[in-house]
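This report refers to the structure that appears directly beneath it.
Whatever order the structure lists them in is the order used to number ligands and atoms, beginning at 1.
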Amino acid sequence: MHGAQGNRERPAAEVILLGTGAALPTAERDNTALVVVGPETVLLVDCPGAAYAKLLRAGVDPQRLTHVLLTHVHTDHSAGLPGLLQSLWLGGRTAPLPILGLPDVQALVDGALATFRPFGDRSPFALPRQVLPLVASTAPVLETADFRVWTTPGDHSVPSVAVRVEAKAGGAVVYSSDTRPCATVRELARGATLLVHEATFLGHDAELAARHAHSTGAQAARLAQEAGVRRLALVHFTPRAAGELARLREEAAAEFGGEVIAPSDLARFTV
Ligand SMILES: [Zn+2]
Ligand SMILES: [Zn+2]
């Protein structure tokens with residue numbers, strides 16, 4: 001599992017953070033979501049509001065999307081899907097767009113389609129559904145020309161998955177989504193080039209983090225250290241006062257020997 005020996009002829013994957021904030025956004029920092037871009041596969045992971053516009057701002061043609069994976073049903077991770085689908089239709093899409101998610105995510109998508117009817121009476125493109133397992137996947141849940149994708153359950157207030165995307169060129173990015181620090185995510189992250197881990201709270205709010213099923217920056221960093229990842233990007237954090245972002249990064253850097261980043265929206269990484 002997670003073999004990363006490379007076919008070096010294939011270009012690596014690019015990871016773009018479409019948002020880096022928690023559920024409470026600011027002018028600079030919107031809800032966390034990311035897109036993994038390969039030569040042929042473009043995977044959107046989570047879909048808060050205005051995903052179409054954010055892809056454009058990131059320099060990714062939204063019509064290049066090949067898959068959407070929603071990690072859990074919370075609004076800041078899923079509520080933008082009907083708008084994205086409508087925009088894709090208005091933009092001329094006819095290609096199918098598979099949607100990957102846990103059973104309750106698929107039910108949410110059913111409800112959103114029935115309520116918002118983003119295509120009116122039309123069916124401009126197919127939305128094949130792939131139900132993700134409630135346990136760690138023992139085989140890739142998705143394999144394309146560019147990537148192998150694995151998921152594992154996190155430890156959140158609703159069922160949620162963490163996602164590992166291995167580029168066939170050799171690198172791997174792991175995204176925790178919302179979770180307490182947990183062993184399943186640590187195993188999924190093992191040896192990753194880049195771990196994008198949620199860090200909703202600073203260290204002095206560790207009790208709040210546990211109660212609300214989130215992590216602190218230091219907890220994310222300890223997990224990154226144990227998993228032997230190369231770089232750690234802290235996301236799902238909304239600074240409420242000056243200096244908080246620097247403090248988050250410092251608390252994490254004290255626990256992790258590799259590079260710690262507290263990235264801005266639209267930050268890009270090659271893995
Ligand atoms: Zn969230
Ligand atoms: Zn959540």
Side-chain angles (χ1 to χ4, degrees), residues 15-36 43-51 54 68-84 99-109 111-112 132-134 151-164 173-182 184-186 188-189 195-202 205-221 223 232-240 244-245 248 252 261-267:
V15 180
I16 307 170
L17 303 179
L18 298 179
T20 57
L24 178 67
T26 66
E28 296 81 28
R29 208 168 269 277
D30 206 349
N31 304 151
T32 295
L34 54 90
V35 62
V36 190
L43 169 65
L44 177 66
V45 182
D46 283 342
C47 191
K54 287 176 198 165
V68 176
L69 189 158
L70 302 179
T71 61
H72 64 296
V73 298
H74 281 160
T75 311
D76 57 318
H77 297 260
S78 65
L81 187 71
L84 172 67
I99 299 176
L100 291 75
L102 292 168
D104 62 343
V105 166
Q106 299 295 355
L108 175 88
V109 174
L132 294 174
L134 287 158
T151 57
T152 199
D155 178 11
H156 194 39
S157 52
V158 296
S160 183
V161 293
V163 184
R164 179 180 180 111
V173 58
V174 173
Y175 167 51
S176 69
S177 188
D178 291 2
T179 184
R180 295 185 184 95
C182 73
T184 47
V185 176
R186 186 184 64 220
L188 192 76
L195 172 61
V196 180
H197 200 290
E198 75 122 289
T200 310
F201 291 99
L202 290 166
D205 281 331
E207 212 174 283
L208 265 185
R211 197 179 330 140
H212 294 291
H214 285 292
S215 302
T216 67
Q219 288 168 340
L223 186 143
L232 171 63
L234 301 170
V235 296
H236 207 274
F237 181 76
T238 300
R240 291 159 196 254
E244 282 197 347
L245 199 65
L248 181 79
I261 312 150
S264 305
D265 287 15
L266 300 182

request  = May I ask you to check if any N/O/S atom from D178 comes under 2.8 Å of the Zn ion (ligand 2)?
outcome  = yes
task = Measure from the Zn ion (ligand 2) to each N, O or S atom of H214 and report whether any distance is below 2.8 Å.
result = no
note = Atom name of the N, O or S atom of H74 nearest to the Zn ion (ligand 2) is ND1
ask   = Of H236, H212, H72, which is the lone residue that meets ring-ring contact (aromatic ring centres under 6.0 Å, His included) with H156?
value = H72
query = So do the side chains of L245 and R29 get within less than 4.5 Å of each other, counting heavy atoms only?
reply = yes
request  = Report the C-alpha distance between L84 and L44 in whole Å, list the side-chain angles of each, state the deciding distance to 0.1 Å, and finish with yes or no for side-chain contact (heavy atoms from CB on, under 4.5 Å).
outcome  = CA-CA 11 Å; L84 172 67; L44 177 66; 3.8 Å; yes
Taking N, O or S atoms only and a limit of 2.8 Å, check whether [X] reaches the Zn ion (ligand 1).
X    : answer
E198 : no
H236 : yes
H77  : yes

note = The reported gap from CG in L70 to CG in L81 (rounded to nearest 0.5 angstrom) is 5.5 Å
remark   = Taking the Zn ion (ligand 2) as the apex, H156 NE2 and H72 NE2 span an angle, rounded to 10°, of 100°
key: Test side chain to side chain donor-acceptor pair (under 3.5 Å) applied to D46 - qualifying residues, sequence neighbours left out   = T71, H77, Y175
task = Using distance alone, with no hydrogens and no angle criterion, decide if T20 and D265 have a side-chain donor and acceptor under 3.5 Å apart.
result = yes
query = Tell me, which N, O or S atom in D76 is closest to the Zn ion (ligand 1)?
reply = OD2
